[in-house]
S.K.: 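Following this message is one structure expressed as structure tokens.
Quantities reported herein were computed from a predicted structural model and do not represent experimental measurements.
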Amino acid sequence: MTIPAVRTFDNHTPLVDTELLPGRGTGVNAAHRMYEHLIGIWATGVIEAAHDLGAFTALISGPATAGELSSKLGTDLRATRVLLDGLAAYDVVERSRAADGQAVYTLPPEMHDIFAPEGLYSLVGKIRHDRNVAWSAWRNLATNVRTGARNSDGSQQLNQISEEDYTSLVRGINFWAPPIAATLATALREQGWTDGTGRTLLDVGCGTGIYSQLLLQEFSGLNARALDAERIIPIANAQAHRLGVADRFNPEIVDFWADDWGTGVDVALFVNIFHLQTPESARELLLRSAKALTEDGVIAIADHIVDEDSTDGNTQNRFFRLFAASMLATGGGDAFTVHDYDQWLADAGLRRVALLDTPMHRLLLVKHA
């Protein structure tokens, strides 16, 4: 798959005109910068309130004034206008003026899919996760820093997200998949893959299955086994039908800590699995992978992997370290370093063969030593 070129954009819309500030190094300058960080919650607040009210669903139907939207949603006119202006400030909606001078609000086409519950790259599941878990979890971060978020025996605990919350979140992070799958497909082709005939992919903790499903679209002869919990498998199966790969996508209800994974695996795929682990459980996953892998097979790990030696990965590493803080807030997990992975790989008789950057992730490719 080829990721189309898109216009560049700034992830952060500045809220402080730094040219109006006094010289650098002053307390006033520093206070403005810290204040801008502290009000980051405003973006989450206006976006999630608009979702809760059904504003995005209404705007998908077409542009509207605050009055038109207020009438449709049954909300207060002034408050609706304030909310819409907040969304425009964060470039979520576009604000223009009609001939009569009224402000008109438009949800750009690229936003439609991400705010539609059934959109392939919808963020609705992420919003639900925030509502159910993240908002309250962040308030307890200081407590988890004091205690280390450990089990009663003092050991580091696994992430504490419930099955229900995981089910909601898993639908909200599909958007990460296309660049990662494209990078992995290119790497496999460089190793001699053509259409993948006779090859088997094992997707461990598959979630919606989006990563292996995109790879099935890339390699017409590839077959995938996808392992996850009972409540997740129907989601993955339905999406495989949606993407036209259900005949080669084989979802299985498996406890991948207790059940056998089988053998003959050409690619073992782990996406966003390792950051939920402890060092001990991460090492165990790699030991199990080594046993399932063919002699020339590949383990592909896409995760928030910190590379201390990276000279151009500051953006990546910043995100990964903040992601680790989010794991701590929700009760467990980490953004492990390349050095951590190398130690676990050596214990399992494996070796790192590549480390590739993708948006908000690194892709670690592994083979037998």
S.K.: Do you know the tightest heavy-atom contact between Cys206 and Asp228?
M.R.: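 Shortest heavy-atom contact: N-OD2, 3.2 Å.
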S.K.: Would the number of heavy atoms belonging to other residues, nucleotides or ligands and lying under 6.0 Å from CD1 of Ile41 be above 12?
M.R.: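 Open.
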S.K.: For Phe175 and Tyr121, I'd like to know if the aromatic rings sit close, meaning centre-to-centre distance below 6.0 Å.
M.R.: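 Phe175 vs Tyr121: aromatic centres not under 6.0 Å.
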S.K.: Under 6.0 Å between ring centres, would you say that holds for Phe323 and His275?
M.R.: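 Ring-ring flag for Phe323/His275: true, centres closer than 6.0 Å.
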S.K.: Could you check whether any side-chain heavy atom of Val245 comes within less than 4.5 Å of a side-chain heavy atom of Gln217, counting everything from C-beta outward?
M.R.: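 Answer yes - side chains close enough.
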S.K.: Ignoring hydrogens and geometry, is there a side-chain-to-backbone donor-acceptor pair from Asn250 to Ala224 under 3.5 Å?
M.R.: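 Yes; judged by distance alone, with no hydrogens or angles, the pair exists.
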S.K.: With a sphere of 6.0 Å drawn around CZ of Arg33, does it hold more than 12 non-hydrogen atoms of other residues, nucleotides or ligands?
M.R.: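 Counting other residues, nucleotides and ligands, CZ of Arg33 stays at 12 neighbours or fewer.
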S.K.: How many angstroms lie between CZ in Phe274 and OH in Tyr341, if you round to the nearest 0.5 Å?
M.R.: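 That separation rounds to 6.0 Å.
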S.K.: So, Asn317 side chain and Val306 main chain: donor-acceptor pair closer than 3.5 Å or not?
M.R.: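 It does not hold such a pair.
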S.K.: State, with a plain yes or no, whether a side-chain heavy atom of Asp266 is found less than 4.5 Å away from one of Val298.
M.R.: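 Result no, sub-4.5 Å side-chain heavy-atom pair not found.
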S.K.: If you count every heavy atom of other residues, nucleotides or ligands that lies below 6.0 Å from His32 atom NE2, does the total exceed 12?
M.R.: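 No.
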S.K.: Within the side chain of Ser122, is there an N or O that forms a donor-acceptor pair under 3.5 Å with the backbone of Glu118?
M.R.: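 Side chain of Ser122 to backbone of Glu118, a donor-acceptor pair under 3.5 Å: no, none is there.
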S.K.: Which is it for Thr183 and Thr358 under the side-chain hydrogen bond (donor to acceptor under 3.5 Å, both in side chains) test, yes or no, and what are the steps along the way?
M.R.: CA-CA 7 Å; Thr183 300; Thr358 66; 5.7 Å; no
S.K.: For a 4.5 angstrom cut-off between non-hydrogen side-chain atoms, does Leu293 reach His368?
M.R.: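 The answer is yes; the side chains approach within 4.5 Å.
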S.K.: Are any side-chain N or O atoms of Asn144 and backbone N or O atoms of Ala329, one a donor and one an acceptor, separated by less than 3.5 Å?
M.R.: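 Checked: pair present.
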S.K.: Determine whether Leu243 and Ile210 satisfy the following criterion, side chain to side chain contact (heavy atoms under 4.5 Å, CB included), listing intermediate values before the conclusion.
M.R.: CA-CA 9 Å; Leu243 296 179; Ile210 185 69; 3.8 Å; yes
S.K.: Using atom types as modelled and distance alone, determine if a side-chain donor or acceptor of His51 lies under 3.5 Å from a backbone N or O of Ile47.
M.R.: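 It does not hold such a pair.
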S.K.: What's the spacing between Glu252 CD and Leu227 CG if we round to 0.5 Å?
M.R.: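 One gets 5.5 Å once the value is rounded to the nearest 0.5 Å.
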S.K.: Taking the side chain as every heavy atom from C-beta outward, state whether Thr194 and Phe219 have any atom pair closer than 4.5 Å.
M.R.: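 In short, these two side chains do not touch, never coming nearer than 4.5 Å.
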S.K.: Using the rule that two of Ile, Leu, Val, Met, Phe, Trp, Tyr join whenever any of their side-chain heavy atoms come within less than 4.5 Å, decide whether Leu38 and Leu21 are in one cluster.
M.R.: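 Leu38 and Leu21: separate clusters.
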S.K.: Between Gln239 and Thr208, does a side-chain hydrogen bond (donor to acceptor under 3.5 Å, both in side chains) hold up when you go through it step by step?
M.R.: CA-CA 7 Å; Gln239 186 171 275; Thr208 66; 3.2 Å; yes
S.K.: Just verifying a value: how many Å separate Leu269 CG and Asp203 CG, rounded to the nearest 0.5 Å?
M.R.: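 These two atoms lie 4.5 Å from each other.
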S.K.: Can you measure from NE2 (His129) to CD1 (Ile173) and round to the nearest 0.5 angstrom?
M.R.: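 Here the interatomic distance stands at 9.0 Å.
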S.K.: Membership question, hydrophobic clusters at under 4.5 Å side-chain separation (ILVMFWY): are Val28 and Tyr35 in the same one?
M.R.: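 No, no single cluster joins them.
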S.K.: Got a second to check how far Phe270's CZ is from Leu202's CG, nearest 0.5 Å?
M.R.: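 Between Phe270 CZ and Leu202 CG, I get 7.0 Å after rounding to 0.5 Å.
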S.K.: Quick check, are the ring centers of Trp176 and His304 under 6.0 angstrom apart?
M.R.: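 That pair passes the under 6.0 Å test.
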S.K.: Over all heavy atoms of both residues, which pair between Thr278 and Ser281 is shortest? Give the atoms and the distance, please.
M.R.: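 Thr278 and Ser281 have their closest heavy atoms at N-OG, 2.9 Å.
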S.K.: Using 30° and 60° as the class limits, which term best fits the ring planes of Trp344 and Phe336: parallel, tilted or perpendicular?
M.R.: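 Because their plane-to-plane angle is over 60°, the rings of Trp344 and Phe336 count as perpendicular.
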S.K.: Just by distance, with hydrogens left out, do Thr337 and Asp340 show a side-chain donor and acceptor under 3.5 Å apart?
M.R.: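 Distance-only check passes for Thr337 and Asp340.
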S.K.: Which is it for Ile253 and Glu230 under the side chain to side chain contact (heavy atoms under 4.5 Å, CB included) test, yes or no, and what are the steps along the way?
M.R.: CA-CA 5 Å; Ile253 299 170; Glu230 183 174 1; 3.8 Å; yes
S.K.: Output yes when a side-chain donor or acceptor of Gln316 lies under 3.5 Å from a complementary backbone atom of His361, and no otherwise.
M.R.: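 The answer is yes, because a donor-acceptor pair under 3.5 Å joins these two groups.
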S.K.: Between Leu363 and Leu355, is a side chain to side chain contact (heavy atoms under 4.5 Å, CB included) present by the stated rule, with each step listed?
M.R.: CA-CA 6 Å; Leu363 182 61; Leu355 183 67; over 6 Å; no
S.K.: Looking at every non-hydrogen atom in both residues, tell me the closest pair between Gly207 and Ile232 and how far apart they are.
M.R.: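 Nearest pair, atom of Gly207 first, then Ile232: O-CG2, 3.3 Å.
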S.K.: Ignoring hydrogens, what is the shortest heavy-atom contact between Ala58 and Leu73? Give both atom names and the distance.
M.R.: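 Smallest heavy-atom distance, with atoms named: CB-CD2, 4.3 Å.
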S.K.: Spell out, yes or no, whether Trp135 and Ile39 are grouped together once hydrophobic residues are joined by side-chain heavy atoms under 4.5 Å, including indirect joins.
M.R.: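 The answer is yes; both residues are in one hydrophobic cluster.
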S.K.: Is any side-chain heavy atom of Leu69 less than 4.5 Å from a side-chain heavy atom of Tyr105?
M.R.: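 No - every pair of side-chain heavy atoms lies 4.5 Å or more apart.
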S.K.: Taking all non-hydrogen atoms of both residues, which atom of Arg352 and which atom of Asp342 are closest, and how far apart?
M.R.: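 Heavy-atom minimum between the residues: NH2-OD2, 2.8 Å.
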S.K.: With the 4.5 Å side-chain cut-off for hydrophobic clustering, are Leu345 and Trp261 part of the same group?
M.R.: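 Result: yes, single cluster for both.
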S.K.: How close do Ile273 and Gly205 get, heavy atom to heavy atom, and via which atoms?
M.R.: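 Answer, listing the atom of Ile273 first, then Gly205: CD1-O, 3.6 Å.
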S.K.: Atom CG in Leu184, atom CG in Leu356: separation rounded to 0.5 Å?
M.R.: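 If I round to the nearest 0.5 Å, the distance is 9.0 Å.
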S.K.: Give a yes or no on whether Leu287 and Ile301 share a hydrophobic cluster (residues Ile, Leu, Val, Met, Phe, Trp, Tyr; joining criterion: side-chain heavy atoms under 4.5 Å apart).
M.R.: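 No, Leu287 and Ile301 fall in different hydrophobic clusters.
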S.K.: Given 3.5 Å as the limit, does a donor-acceptor pair link the side chain of Glu284 with the main chain of Glu280, or not?
M.R.: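 Not confirmed, Glu284 side chain does not pair with Glu280 backbone.
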S.K.: May I ask you to decide if Thr65's main-chain N or O and Glu68's side chain share a donor-acceptor pair within less than 3.5 Å?
M.R.: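 Judged by distance alone, yes, a pair lies under 3.5 Å.
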S.K.: State whether the side chain of Arg248 and the backbone N or O of Leu222 hold a donor-acceptor pair below 3.5 Å, judged by distance alone.
M.R.: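 Yes; judged by distance alone, with no hydrogens or angles, the pair exists.
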S.K.: Quick check: do Asp130 and Glu48 have side-chain heavy atoms less than 4.5 Å from each other?
M.R.: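 Side chain of Asp130 against side chain of Glu48, heavy atoms only: contact under 4.5 Å found.
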S.K.: With side chains defined as the heavy atoms from C-beta onward, is the minimum distance between Leu107 and His112 less than 4.5 Å?
M.R.: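 Sidechains of His112 and Leu107: in contact.
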S.K.: Using a 4.5 Å cut-off on heavy atoms from C-beta on, say whether the side chain of Asp307 contacts that of Arg362.
M.R.: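 They are in contact (side-chain heavy atoms under 4.5 Å apart), so the answer is yes.
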S.K.: Going through the checks in order, is the side chain to side chain contact (heavy atoms under 4.5 Å, CB included) test met by Phe115 and Thr57?
M.R.: CA-CA 7 Å; Phe115 288 121; Thr57 301; over 6 Å; no
S.K.: Report yes or no: does Asp260 contribute a side-chain atom to a donor-acceptor pair with the main-chain N or O of Gly262 at less than 3.5 Å?
M.R.: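 Looks like yes, one N/O pair under 3.5 Å.
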